[in-house]
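Data block below; observations after.
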Amino acid sequence: MEPLRTVYDPKAVETRLYEGWRDAGQFKPAADAGQPTFTVVLPPPNVTGRLHMGHALTATIEDAYVRWHRMAGDAALWLPGTDHAGIATQVMVERDLAKEGKTRQGIGREAFLARTWQWKERHGGIIDTQHAALGASLDWSRDRFTMDEVSSRAVREAFCRLHEDGLIYRAYRLINWDHASQTALSDLEVEHKEVDGFLWHLAYPVEGSDERLVVATTRPETMLGDSGVAVHPDDPRYQHLIGRHVILPLTGRRVPIVGDAILVDMTFGTGAVKVTPAHDFNDFKTGKRHELAVITVIGFDGNMNANAPEAFRGLSVAAARTAVVAALEAAGALVKVEPHKLNLGVSQRTGVVCEPLPSDQWFVSTAPLAAKALAAVKDGRTRILPEHRTADYYRWMESIQDWCISRQLWWGHRVPAWHCAACKGITVGREDPSACQHCGSAAIAQDNDVLDTWFSSGLWPLTTLGWPEKTADLQRFYPTDLMETGWDILFFWVARMMMLGLHFTGEVPFKTVFLHSMVLGEDGKKMSKTRGNVVDPIELIDQYGADSLRFYLATMAGQDQGIIFSRARVEGYRNFCNKLWNAVRFAGMNLEDFDAAELASWRAAVIDRGDVSALATADRWILARALETAIQVGELLASYRLDLAAHAIYQFVWYELCDWYLEAAKLSLRGDAADPLRRAAQGTLATVFDLVLRTLHPITPFISEALWQTLPRPAGEGDSLMLAAYPRVLTRDAAGAPLTMAGPVPGAGALLADSGVQAAREDMAAIIEVVTATRMLKAEFKLPPAQRVEILLRAEDPAAQARVLRMQACVVHLARLQSLRVVEAAEVPRESGSAVVRGVEVVLPLIGLVDLAAERVRIGKDLEKLGKEGDSLARKLDNAGFRAKAPPEVIAKDEARLAEIRVDIEKLGRTRARLGG
RNA sequence: AGGACUGUAGCUCAGUGGUAGAGCACUACCUUGACACGGUAGGGGUCAGGGGUUCGAAACCCCUCAGUCCUACCA
């Protein structure tokens, strides 16, 4: 076996291991043997996209859970795939065309689509490689693209079924128009941002009188399309005008004054509202109520159209605004201008201001779908985490609007509907029709629109499993188990999958939704190219290794607020990987004469027989702690606290296993091959690292696999850690204490309960405290760490004294002492430093070295600190309320601590007296 | 306008009723036979502020302040 290098080099193992796993088919779920399944569908990234931190977070969390379940014996399936991303991709290709001076309209639909497919072939797939670099154990044999054949069939089937169910309809309505990408958008794709604007007060002359009705508006240019003015029916200022008309300035149009209590708030502005049904959602509804004309003055190109007076035609909305205001002012119709904050609707994709425009579009009637989706969460069939996000989900589902699903794009699933030139009827079909189903005419043409990208992603858990065919996958893996994604697409995606999944199968698409928050730049702001705060996960993998990044992201999985990226922490986890690497390297160096057969016989004798008598104190202690850590990590994973699971294992590996056990084991390992202590330590090392690497694997798959394969393991174990059994609790006793565990220590319960193990844990705690006290004394008196000194221990209590004798060798070794002696009070030299732990006085004799006065002061400080703690405890224990109401175990703990403090105070007091204080 | 979340060490974050924690950064010492991406010993916090509940509050309740975000819109 080649010796491991002293610095862990991720590049040397990651690709090799990933390809090995993949080529051996280890990412595929195990064959169906009736075992439970665990299914996760990866949120499909844009096909031409690059991995960003959000993807990395998603993949880390999902992979951790998939690997955990796979090791736990479930048939785990994690489904990959990519999204055609309608607008995003089309915009990119159009930009590319523009470089050649071409437009999509110029080259035509067919050529444009061909070009987009080419673009997809050229730029697609990069993100798959990047997911692989992260270690994602996705089943690539089931890869899917939202516009491949299977997906397209699913989309078409879904559209037709919804249409047959009366849940898809076509209507002439006001929609949000993005003039940059020339398409309608759903409400969700419009973001609102607050900007400083103005409130213009415009005077409209009332027909047949000298009166002028003053309206207030933030969009004066739309007055060209006004078809009414609304006032509140109870408003005494205007009541008499209802039913009369105003003459619009600039256009001269005669429009009615209507009374409308819904639109008008008497206290806002002037109390009179101009009504422009074609360009405002509320006005559109008001227009319907009063049968007002819909006069479109803004065209799909974002400019004023032919319905506007000639002077304004062709102007952009902004230019038209300036021109209209100037014209009104010239006409004496501008009464007042005041500053006003308003919210602008902006396209999520292109960033341009969206115009509400009336047009013919396809809609999904959402109310019946939402009712089922709402019920499924209310009755717990699907659980949303963090819990408080459930309220957002409820609120959105309860106030849901119909979903505009048609887009005037070319890249996407074309609406499977045909318009008849003869009878104007619409034919919707699973197969392309050759004639109108209403009149039989052959003069039919397919609808030009494509479907919202989210329509196909909304079907994703179904599509990836082969729906609408009744595939074996669908039957075995649906409903899926976990949907992990960013909370920013709760409505866009999760809600739609819930609605469509329930509608088409009657079952929820997933049982648990786990929502994570956004990864922000190191400056705490949203990552953006313009801000220059973008962190590229691939660069981090290059620099620190995939496991370091994964470990970091795992510890952030619980963050609800926003994850402020910290490179220093990634680096910290890189250091952790290195620590682990070297710890196993150390173990390996000491296991050269301890092969699989030796390990098997050791386990048979120690683990299987449950006989720990041959094990040293430290061996027993670390075995117990490793088991406890594995159990704890399993529980934390089950409760979706991946962050705490990662933390727990980090702490154990570094501060218990490396800091104490490996140091202590060196004492046992000094012996020769025949030495039973050496053998005990070897068996312990092999077993504990086996446990640790299994526990760690879901979070850090590469390094754990690489190291595990270097350790001896009994015959019969597989060759890959990723398929090894996770050390999880299999059975528990009546009180809930673990009995048996999967993995290398089946009888974990008996081992943990063993009295010899319990005693060893007490001893180890004492060893740690005594060693720490002696190190502190050495540092305090500025002795070089290498200087071997004699330490004296004084303990009156026979039990304590016996323990000191038991741990003598270990303490000498760990504290680098020359010797350790148990002495009587009289033997303690006057000139010495001392500390008290657990009723044992630790004395460092310092003849000629110690400044008695200074040492008195130091001990005085210790006494003061102990005194304070003792006083506060004593007060608490004297409090009748505390005695009466606190739980007995808390009282007992405090009493024990107080007794300990009193012994320590007494000892320190005598020490100080000895020093002449 | 409603609503959610957050405020703990210089920075990034744990800690949900029982004496304030980790990583990084900082100070001093150490090339100790796995690891300097390391070791040992340290310094550093009125747990945003105020009130309340409780024997006991960083944690539970109320208010204030600050930050982040979501939803809906007043023309």
Side-chain angles (χ1 to χ4, degrees), chain A residues 4 6-8 187 192 199 215-219 222 230 263-265 267-276 280-283 286 340 342-343 386 388-389 391-392 395-396 399 487-488 490-491 517-518 520 522 524-526 544 548 552 555-556 558-590 641 643-644 647 650-651 654-655 658-659 662-663 666 772 775-780 782-786 815-816 868-869 872-873 876-877 879-887 889-891 893-894 897:
Chain A
L4 300 173
T6 61
V7 173
Y8 170 53
D187 299 338
H192 297 274
L199 198 56
V215 299
T217 180
T218 56
R219 302 202 54 189
T222 64
L263 180 70
V264 181
D265 170 3
T267 62
F268 185 86
T270 61
V273 188
K274 62 191 269 314
V275 181
T276 323
D280 182 280
F281 288 98
N282 286 314
D283 290 6
T286 309
H340 183 73
L342 69 155
N343 276 315
H388 68 88
R389 296 280 174 202
D392 288 341
R395 187 167 39 73
W396 192 74
S399 58
W487 54 251
D488 50 320
L490 176 61
F491 307 141
S517 63
M518 198 176 292
L520 307 171
E522 290 200 88
K525 305 257 170 60
K526 202 168 164 174
Y544 304 108
S548 311
Y552 167 68
T555 64
M556 292 294 112
Q559 271 299 101
D560 190 48
Q561 178 65 1
I563 297 162
I564 302 178
F565 176 72
S566 168
R567 184 175 290 268
R569 284 188 62 157
V570 178
E571 207 171 301
Y573 296 116
R574 188 271 317 264
N575 295 352
F576 173 80
C577 288
N578 195 238
K579 186 80 178 173
L580 181 70
W581 180 263
N582 281 290
V584 177
R585 199 168 65 91
F586 169 78
M589 284 162 50
N590 286 286
R641 288 307 306 264
D643 56 333
L644 297 185
H647 186 70
Y650 180 102
Q651 300 287 319
W654 204 308
Y655 303 114
C658 291
D659 281 357
L662 293 190
E663 293 307 322
K666 286 173 185 171
T772 304
R775 285 172 180 165
M776 185 271 287
L777 286 171
K778 280 172 86 171
E780 198 75 40
K782 311 254 184 269
L783 296 181
R816 304 183 163 274
K868 264 192 197 159
E869 196 190 334
S872 114
L873 271 176
K876 194 157 128 187
L877 288 163
N879 184 325
F882 178 72
R883 287 272 177 199
K885 294 181 180 175
E889 64 270 19
V890 171
I891 296 175
K893 199 181 126 214
D894 284 351
R897 176 68 188 140

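In what follows, every chain begins at residue 1, and chains take the letters A, B, ... in the order their sequences are listed. Atoms considered below: every heavy atom in the structure, side chains included; atoms not considered: hydrogens, waters and symmetry mates.
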- Query: On RNA chain B, nearest-nucleotide positions of A/F491 versus A/S566: which is more 5'?
  - Reply: A/S566

Atom of [X], atom of [Y] and distance for their closest heavy-atom approach:
| X | Y | result |
| --- | --- | --- |
| A/E522 | A/S566 | OE1-CA, 3.9 Å |
| A/F882 | A/D894 | CZ-OD2, 3.5 Å |
| A/T217 | A/K274 | CB-CD, 3.5 Å |

Closest to the [X] side chain, choosing from [options]:
| X | options | answer |
| --- | --- | --- |
| A/Q561 | B/rU32, B/rA75, B/rC5 | B/rC5 |
| A/Q651 | B/rC74, B/rA4, B/rA22 | B/rA22 |
| A/A568 | B/rG67, B/rC24, B/rC37 | B/rC24 |
| A/A216 | B/rU19, B/rC5, B/rA75 | B/rA75 |
| A/M776 | B/rA75, B/rG67, B/rA41 | B/rA41 |

Classify the nucleic acid contact of [X] as base, sugar-phosphate or nothing, counting any heavy atom under 4.0 Å across all strands shown.
| X | value |
| --- | --- |
| A/P784 | nothing |
| A/E889 | nothing |
| A/D659 | sugar-phosphate |
| A/A583 | base |
| A/L644 | sugar-phosphate |
| A/K666 | base |
| A/T270 | nothing |
| A/S872 | nothing |
| A/W396 | nothing |
| A/C658 | base |
| A/R775 | sugar-phosphate |
| A/F576 | nothing |
| A/D560 | sugar-phosphate |
| A/E522 | nothing |

Partner nucleotide, any strand, of [N] [Watson-Crick/G-U, under 3.5 Å]:
| N | result |
| --- | --- |
| B/rG2 | B/rC70 |
| B/rC60 | B/rG52 |
| B/rG7 | B/rC65 |
| B/rC47 | none |
| B/rA22 | B/rU12 |

- For A/R574 and B/rA36, give me the distance from atom CZ to atom P, rounded to whole Å. 12 Å

- Interatomic distance where CZ belongs to A/F586 and C1' belongs to B/rC37 [whole Å]: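 Between C1' of B/rC37 and CZ of A/F586: 19 Å.
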
Are [X] and [N] close enough that a side-chain N or O sits under 4.0 Å from OP1 or OP2?
| X | N | result |
| --- | --- | --- |
| A/Y655 | B/rG23 | yes |
| A/N575 | B/rG38 | yes |
| A/K579 | B/rG39 | yes |
| A/R389 | B/rC69 | no |
| A/W654 | B/rG39 | yes |
| A/H192 | B/rC70 | no |

Is there a donor on the side chain of [X] or the base of [N] sitting less than 3.5 Å from an acceptor on the other?
| X | N | result |
| --- | --- | --- |
| A/R395 | B/rU71 | no |
| A/R569 | B/rC24 | no |
| A/R567 | B/rU12 | no |

Rounding to the closest angstrom, what is the interatomic distance between [N] and [M] at atom [atom1]?
| N | M | atom1 | value |
| --- | --- | --- | --- |
| B/rU27 | B/rC61 | C1' | 43 Å |
| B/rG15 | B/rU64 | C1' | 26 Å |
| B/rU8 | B/rC13 | P | 10 Å |

- Message: Show, in sequence, the C-alpha distance, side-chain angles and deciding distance for A/R395 and A/D392, and conclude whether the salt bridge (charged side-chain N to carboxylate O under 4.0 Å, His left out) test is met.
- Response: CA-CA 5 Å; A/R395 187 167 39 73; A/D392 288 341; 3.1 Å; yes

- Message: Quick one, A/L263 and A/D283 - any side-chain contact, counting heavy atoms below 4.5 Å?
- Response: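 They are in contact (side-chain heavy atoms under 4.5 Å apart), so the answer is yes.
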
- Classify the ring geometry between A/Y552 and A/Y573 as parallel (under 30°), tilted (30 to 60°) or perpendicular (over 60°). tilted

- Task: In sequence, state the C-alpha distance, the side-chain angles, and the governing distance for A/T6 and A/R585, and then conclude on side-chain contact (heavy atoms from CB on, under 4.5 Å).
- Result: CA-CA 8 Å; A/T6 61; A/R585 199 168 65 91; 3.2 Å; yes

- Do we get A/K666 above A/F586's six-membered ring, with its NZ or CZ under 6.0 Å from the centre and within 45° of the axis? yes

